[in-house]
Amino acid sequence: MNIDYSQFYRGITNIPSYGSGAYKKDTLVKYEFNTTDERGNKVMDKMSKEETLQAMKDIRSQYGDAVIVEFSGDGMAALVEGKKGGMIPEDREVMDVRNTEFQKEIVQVDKSLSDLPAYSGMYDADKAIASALENCSKKEQGFVYDIIRQNFLVGNSDFMTEAERQANISLGMKKAEYAVKNFIPEGSRKSFMEAMESLAKLASAGKADSSGKMDYGVVKGRYLGHGSGLVRTTSVLDIMRTMDKDAYTEYQKMGKNDDGGLSSLKYLTNWYASAVKKHPSMVDNYEKQSEEYVEKNVKEQKRDKTSIINRKLELEFWGF
């Protein structure tokens, strides 16, 4: 049975990567199942152990191996009770392994995730936003970066229709206008809004595959520094992923070796040295792909400004 869990979705956040190979994680997605709303009105019944496990299974199946799905809320209390008594040994073992692998890292990063920078790969726009936020508080920076993560460049759109995704982008631009009016420095407002509009257009042009995973057509930028000192660097791994898919598949297999990533690092280094020797223009061609995509699909993109905004989201936004 297909159940829509989108009402329980509470956002997606990039986190500092940890682990290696099949255990490497770089994204945290949150779901919250509460039996009452913020006013104490009942919205759902407490879930049974079976319902809880099924919800976790259904939701996790929407995301890849690099994602941690975090569940919370009193509606899932049956899971805790099950661990104390009725959970079958196999279920208990799975939960214990997950907790051992992930819980310490989640506790360490969860409280400061929202103010971590979020970048699009369009360097000029990313730097304009970073510069505008340079002297803002962490809360203000987090507000803007959450627009990019949660309204613009969502990793997976399977929980919403395309019309809802476009409306979510429009809501993001409303939030950007709020930021400009309330805390973006006057001298940076114009460049900030132009950059946010560029990101909104990039998001609007994005395409989802059959599982809802989004592709925005621009290679992910890697940067050094912060604010006005942001400098773009080139990701050798993403060059491999984009320009030599067979080599990238082989690299991923090596991530499963129990050697702390040494063999995969050696493979990546040797591949790059050989590839640039055989194809001296490879890096230029790699970077041109993003530039050509932006010219063709983003700059002239007509963004749908029709807003189908969920009232609850709107209230949460104005409560910032």
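Given the structure is predicted, the values throughout are model-derived calculations rather than measurements. Note: hydrogens, waters and symmetry copies are ignored here, and every other heavy atom, side chains too, is used.
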Check: Gly206 main-chain N/O paired with Arg165 side-chain donor or acceptor under 3.5 Å
yes

Tightest non-hydrogen contact, residues Met122 and Ser120, listed as N-OG, 3.0 Å

Please name the pair of heavy atoms, one in Ala128 and one in Ala195, separated by the smallest distance, quoted to 0.1 Å.
CB-CB, 3.9 Å

How close do Met44 and Met47 get, counting heavy atoms only, and between which atoms?
CE-CG, 3.6 Å

In the structure I gave you, are the side-chain heavy atoms of Ser72 and Lys30 within less than 4.5 Å of one another anywhere?
no

Just how far is it from atom CZ of Arg189 to atom CD of Glu194, taken to the nearest 0.5 Å?
14.5 Å

Can you list the residues that meet the side chain to side chain donor-acceptor pair (under 3.5 Å) rule with Ser137, with sequence neighbours excluded?
Glu140

Looking at Asn168 and Gln150, would you say the former's side chain and the latter's main chain have a donor-acceptor pair under 3.5 Å?
yes

Kindly say whether Trp271 contributes a backbone atom to a donor-acceptor pair with the side chain of Ser274 at under 3.5 angstrom?
no

Given side-chain contact (heavy atoms from CB on, under 4.5 Å), test Ile148 with Tyr119 step by step and report yes or no.
CA-CA 8 Å; Ile148 298 172; Tyr119 299 122; over 6 Å; no

Taking the side chain as every heavy atom from C-beta outward, state whether Phe192 and Val144 have any pair of such atoms under 4.5 Å apart.
yes

Taking 4.0 angstrom as the limit, do Lys42 and Asp45 come out as a salt bridge?
yes

To the nearest 0.5 Å, atom CZ of Arg149 lies from atom CD1 of Ile147 at 10.5 Å

Could you tell me whether the side chain of Asp244 and the main chain of Met240 form a donor-acceptor pair under 3.5 Å?
no

So does Ser188 get a backbone contact from the side chain of Ser191, meaning a donor-acceptor N/O pair under 3.5 Å?
yes

Check whether any side-chain heavy atom of Tyr248 lies under 4.5 Å from a side-chain heavy atom of Gln252, and answer yes or no.
yes

Nearest heavy-atom pair of Ala208 and Met214: which atoms, and what distance?
CB-SD, 3.5 Å

If every non-hydrogen atom of Ala130 is compared with every non-hydrogen atom of Leu230, which pair is closest and at what distance?
CB-CD2, 4.3 Å

Close side-chain approach of Leu202 to Leu153, heavy-atom, < 4.5 Å:
yes

Between Tyr216 and Val154 (side chain of the first, backbone of the second, donor and acceptor by atom type, cut-off under 3.5 Å), is there such a pair?
yes

Looking at Glu164, is its backbone amide N or carbonyl O close enough to the side chain of Thr161 to form a donor-acceptor pair, meaning the two atoms are under 3.5 Å apart?
yes

Verify, without hydrogens or angle tests, whether Asp215 (side chain) and Gly217 (backbone) share a donor-acceptor contact under 3.5 angstrom.
yes

Return the CD to CG distance between Glu51 and Leu53, rounded to the nearest 0.5 Å.
10.5 Å

For Tyr31, enumerate each residue passing the ring-ring contact (aromatic ring centres under 6.0 Å, His included) test, keeping only those at least two apart in sequence or located in another chain.
Tyr9

Side-chain contact, heavy-atom cut-off 4.5 Å: Ile169 with Asn151?
no

Could you grab the distance from atom OG of Ser61 to atom CG of Asp158, nearest 0.5 Å is fine?
8.5 Å

Side chain to side chain donor-acceptor pair (under 3.5 Å) assessment of Glu50 paired with Gln54:
CA-CA 6 Å; Glu50 290 75 18; Gln54 187 62 48; over 6 Å; no

Taking C-beta and beyond as the side chain, do Met173 and Glu197 meet within less than 4.5 Å on heavy atoms?
yes

Under a 4.5 Å cut-off applied to non-hydrogen side-chain atoms, are Glu32 and Asn34 in contact?
yes

Quick one: do Lys181 and Glu177 make a salt bridge, cutoff under 4.0 Å?
no

Shortest non-hydrogen contact from Ser264 to Tyr251?
O-CE1, 3.3 Å

Starting at NE2 of His226, measure out to CG of Leu133 and round the result to the nearest 0.5 Å.
12.5 Å

Does a side-chain heavy-atom distance below 4.5 Å link Met196 with Phe152?
yes

Under the ring-ring contact (aromatic ring centres under 6.0 Å, His included) rule, collect the residues that match up with Phe33, sequence neighbours excluded.
Phe8

Quick one: pull up CE in Met193 and CD1 in Ile129 and give me the separation to the nearest 0.5 Å.
10.5 Å

